[in-house]
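Right, one structure below, let's go through it.
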Amino acid sequence: TKSTALLPLLALKLASNDLGDPGLAALAAAIRTVVSEHESSTVLDTLDLSSCDVGDSGIEALALALEEEAIDENPAICHLILCNNKISDRGALTLGRALQTSKGLHLDLSSNQIGDRGVASIAAALERGRIRLVKLRSCLIQADGAELIGSALRKLCLNCTEAHPESVCVDLSGNPL
């Protein structure tokens, strides 16, 4: 049976460790286990995996854990920091699809190899109000990707109601726009 007791909010900061894809896959499995055992609870307030040598395979494992939260009221992770890794368009597409069901996430994917193709699914999650803050500094996003983000923001604003008054922040600094 699932436990409904709330877990304490935690920050897990593993920045600058050689975690890699196998380490993230193991961590993602643990997150999935906790999410499946604890209904309506946030597992981690902050997960910082900056400079951990994480690539697309690790992101795919993490995406599975984030998709698991779709049935719960609260996000498994509130602040997801993945900057300075090896995430490409493939990983960003997978992560963006998983975030379609998330709520109010703060996401930092700065300094990865994410281009226009990868930013498309991130923009879709942004458009649905699933991401409240997204940092994509110093990636490979060009004018087409920036246009996708702009279009997502425009659609989000058109769909805003009093029930969703929260602000959204997007940082595309340092991209070859």
Side-chain angles (χ1 to χ4, degrees), residues 1-88 90-112 114 118-119 121-122 124-126 128-139 163-171:
T1 69
K2 286 188 173 190
S3 168
T4 56
L6 291 176
L7 295 172
L9 296 179
L10 301 173
L12 182 56
K13 297 184 179 188
L14 297 170
S16 299
N17 282 293
D18 191 19
L19 191 68
D21 290 337
L24 182 51
L27 179 60
I31 292 169
R32 283 182 74 187
T33 299
V34 173
V35 167
S36 68
E37 291 177 359
H38 297 275
E39 206 171 271
S40 299
S41 61
T42 297
V43 177
L44 292 169
D45 178 61
T46 301
L47 178 58
D48 185 352
L49 299 172
S50 303
S51 304
C52 284
D53 202 31
V54 170
D56 295 334
S57 298
I59 292 301
E60 288 168 3
L62 181 60
L64 287 173
L66 295 175
E67 286 172 348
E68 189 85 18
E69 79 180 35
I71 58 172
D72 293 332
E73 290 295 314
N74 298 313
I77 299 167
C78 296
H79 300 85
L80 182 56
I81 306 166
L82 294 163
C83 55
N84 298 312
N85 280 294
K86 297 178 180 179
I87 303 165
S88 73
R90 189 180 105 210
L93 285 166
T94 302
L95 184 60
R97 280 192 299 271
L99 296 178
Q100 298 293 319
T101 57
S102 187
K103 295 181 188 126
L105 180 72
H106 291 201
L107 178 64
D108 190 347
L109 288 166
S110 298
S111 299
N112 279 289
I114 299 168
V119 82
S121 66
I122 302 295
L126 185 64
R128 296 183 71 196
R130 303 307 188 188
I131 301 173
R132 290 288 167 217
L133 179 139
V134 61
K135 294 180 184 178
L136 289 158
R137 294 183 207 149
S138 301
C139 290
H164 295 74
E166 296 181 46
S167 63
V168 174
C169 179
V170 176
D171 186 349

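Values reported hereafter were calculated over all heavy atoms of this structure, with side chains retained and with hydrogens, waters and symmetry mates removed.
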Quick check: do [X] and [Y] have side-chain heavy atoms less than 4.5 Å from each other?
{"X": "Val54", "Y": "Leu62", "answer": "no"}
{"X": "Cys78", "Y": "Arg132", "answer": "no"}
{"X": "Leu126", "Y": "Val168", "answer": "yes"}
{"X": "Leu10", "Y": "Asp45", "answer": "no"}
{"X": "Val170", "Y": "Ile131", "answer": "no"}

Requested in this report: Could you check Ser57 against Arg90 for side chain to side chain contact (heavy atoms under 4.5 Å, CB included), going step by step and ending with a plain yes or no?
Outcome: CA-CA 9 Å; Ser57 298; Arg90 189 180 105 210; 3.7 Å; yes

Once rounded to the nearest 0.5 Å, what's the spacing between atom [atom1] of [X] and atom [atom2] of [Y]?
{"X": "His79", "Y": "Leu105", "atom1": "NE2", "atom2": "CG", "value": "8.0 Å"}
{"X": "Leu82", "Y": "Lys135", "atom1": "CG", "atom2": "NZ", "value": "12.5 Å"}
{"X": "Thr94", "Y": "Glu67", "atom1": "OG1", "atom2": "CD", "value": "8.5 Å"}

Test item: [X] side-chain N/O and [Y] main-chain N/O as donor-acceptor pair under 3.5 Å:
{"X": "Asp53", "Y": "Asp18", "value": "no"}
{"X": "Arg128", "Y": "Gln100", "value": "yes"}
{"X": "Ser121", "Y": "Ala92", "value": "yes"}
{"X": "Asp108", "Y": "Ser110", "value": "yes"}
{"X": "Asn85", "Y": "Cys52", "value": "yes"}

Query raised in the report: Checking side chain to side chain contact (heavy atoms under 4.5 Å, CB included) against Leu107, which of Ile81, Leu133, Ile77, Ile122 comes through?
Result: Ile122

Query raised in the report: In terms of side-chain heavy atoms, does Asp48 have a donor or acceptor partner in Ser50 at a distance below 3.5 Å?
Result: yes

[X] versus [Y], closest heavy-atom pair with distance:
{"X": "Leu24", "Y": "Ile59", "answer": "CD2-N, 3.9 Å"}
{"X": "Cys139", "Y": "Ser111", "answer": "SG-N, 3.9 Å"}
{"X": "Ala98", "Y": "Ala63", "answer": "CB-O, 3.5 Å"}

Query raised in the report: Run the side chain to side chain contact (heavy atoms under 4.5 Å, CB included) check on Leu12 and Leu27 step by step: do they pass?
Result: CA-CA 11 Å; Leu12 182 56; Leu27 179 60; 3.9 Å; yes

Query raised in the report: Between Leu66 and Leu95, is a side chain to side chain contact (heavy atoms under 4.5 Å, CB included) present by the stated rule, with each step listed?
Result: CA-CA 9 Å; Leu66 295 175; Leu95 184 60; 3.7 Å; yes

